[in-house]
There are 2 protein chains.
Amino acid sequence: MTAKKLAAATAAPVEMPDEADQALRFEKARAAQASALLEDYVELIDDLLASGGEARPTDIARRLGVSHATAIKSIARLKREGLATSKLYRGVFLTPEGHSLAARVRARHRLVVDLLIAVGVPRQCAELDAEGIEHHVSDAALAAFARFLKRHSTAS
Amino acid sequence: MTAKKLAAATAAPVEMPDEADQALRFEKARAAQASALLEDYVELIDDLLASGGEARPTDIARRLGVSHATAIKSIARLKREGLATSKLYRGVFLTPEGHSLAARVRARHRLVVDLLIAVGVPRQCAELDAEGIEHHVSDAALAAFARFLKRHSTAS
DNA sequence: ATGATTTTGTAGCCTGTGCTACATTTTAGG
DNA sequence: CCTAAAATGTAGCACAGGCTACAAAATCAT
Ligand SMILES: [Mn+2]
Ligand SMILES: [Mn+2]
Ligand SMILES: [Mn+2]
Ligand SMILES: [Mn+2]
């Protein structure tokens, strides 16, 4: 290992980031990925409740493109984590925590779409990509997005 | 359901996207998520090979922040999918397919970081967020990012 | 050279998130 | 009201990607 480090120090053409930093980056990305599913569910449920009235497992499943069995299991997880409630054959509802998460998630989703469009991404494409991107945008980045949009919408 | 749709049509305060479109969005995001891990591995392995010489399972594990057992299993998947090779105690190497994937992934990673910085995200934060965001940026969005950066770097 | 340390590999476990198939319950239509 | 259709729930499977614990191999240092 000593030999290898020396060789790297003398002949390395590429600089690597610090090991610990890099590990933290990947760990953060994995964590975001783990909550992505929950975020999409609460956002969708909140949309359904706001738009029509009911958020039924079958509707949720259809909109997410998964089987109803899968949706029901994920809804069970939402309940386990205190984000949703449901009564047999009565549809799904959000707890206050679920509702406030949904609000944050929706605001972030919109901001991401708007930023993508502002830098020139076609609307359709922006909406496609945002669905995945949103889960990895930190609050600091979000704030920067908001500043950018304000700057560039007033300067029409 | 007829009654529900009528109610929604008359009193709906929120517009929902088309069901099929929405399902496609979520399916695409899930697909991106599934390849994210492979992308991070090939990018990291390529970096290690370019910078020092070797890409050993333990190094890979440390940099990714996972146990070496986990890394070895993921490397097995890389091999199964034709992206990498390895001989016992000889480290990991990329196939031509793996190498070209790594090149695409690295270019995309850099472009995403640069764009985030260009819109005002602090560098540190940009590098953190990019690790997750990169896997969800389509080619079309990437092209838009490149155009945006060219426009805004020449106009200094 | 040999003993300690590091690296690698294996085995077995868990959780999350997909699926299909089947059972049950509710809802809707005639 | 009764039957057919739709919705819901359950069971059981598969696979990915985490982990720890243990075993074997290679490397390093004395
Ligand atoms: Mn999403
Ligand atoms: Mn969303
Ligand atoms: Mn990444
Ligand atoms: Mn990357």
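Residue numbering restarts at 1 for every chain, and letters A, B, ... go by the order of the sequence lines.
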Spacing between [X] atom [atom1] and [N] atom [atom2], to the nearest angstrom:
X	N	atom1	atom2	value
B/F26	C/dG18	CZ	P	11 Å
B/E54	C/dT6	CD	P	17 Å
B/L37	D/dC15	CG	C1'	14 Å
A/I60	D/dG9	CD1	C1'	14 Å
B/Y41	D/dG18	OH	C1'	10 Å
A/D40	C/dG16	CG	C1'	15 Å
B/E27	C/dG18	CD	P	10 Å
A/R90	D/dA6	CZ	P	19 Å

B/R56 side chain N/O closer than 4.0 Å to the phosphate oxygens (OP1, OP2) of D/dA26? no
Worksheet item: Within less than 4.0 Å of OP1 or OP2 of D/dA16, is there a side-chain N or O belonging to B/R80?
Response: yes
Taken to the nearest 0.5 Å, the spacing of A/E134 CD from A/H109 NE2 works out to 5.0 Å
List the steps, then state whether side-chain contact (heavy atoms from CB on, under 4.5 Å) holds for B/L64 with B/Y41.
-> CA-CA 8 Å; B/L64 285 169; B/Y41 270 80; 3.2 Å; yes
I would like to know whether A/R104 and A/R108 meet side-chain contact (heavy atoms from CB on, under 4.5 Å); could you show each step before the answer? CA-CA 6 Å; A/R104 283 196 303 278; A/R108 197 186 50 190; over 6 Å; no
Pairs under 3.5 Å (N/O, protein and nucleotides 19-25 of chain D):
residue, atom, partner, partner atom, Å
D/dC19, OP2, B/S67, N, 2.8
D/dC19, OP2, B/S67, OG, 3.2
D/dC19, OP2, B/T70, OG1, 2.8
D/dA25, O4', B/Y89, OH, 3.3

I'd like to know whether A/H135 forms a side-chain contact (heavy atoms from CB on, under 4.5 Å) with B/Q33, so could you lay out the CA-CA distance, the side-chain angles of the two residues, the decisive distance to 0.1 Å, and finally the verdict. CA-CA 11 Å; A/H135 308 286; B/Q33 198 193 43; over 6 Å; no
Taking for A/T58 and for A/Q33 the nucleotide of DNA chain D with the nearest heavy atom, the one nearer the 5' end belongs to A/T58
Carefully, step by step, assess B/L94 and B/L83 under the rule side-chain contact (heavy atoms from CB on, under 4.5 Å). CA-CA 6 Å; B/L94 296 178; B/L83 296 170; 5.5 Å; no
Kindly state each residue pair satisfying side-chain hydrogen bond (donor to acceptor under 3.5 Å, both in side chains) with at least one member in residues 118-132 of chain A, sequence neighbours excluded.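 Checked against side-chain hydrogen bond (donor to acceptor under 3.5 Å, both in side chains) - neighbours excluded - the pairs reaching residues 118-132 of chain A are A/D129-B/K28, A/D129-B/S138, A/E131-B/R25.
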| request: May I ask you to decide if the ring planes of B/H152 and A/H152 are parallel, tilted or perpendicular, using 30° and 60° as cut-offs? | output: tilted
Picking from D/dT10, C/dT17, D/dG18, the nucleotide nearest the side-chain atoms of B/S74 would be D/dG18
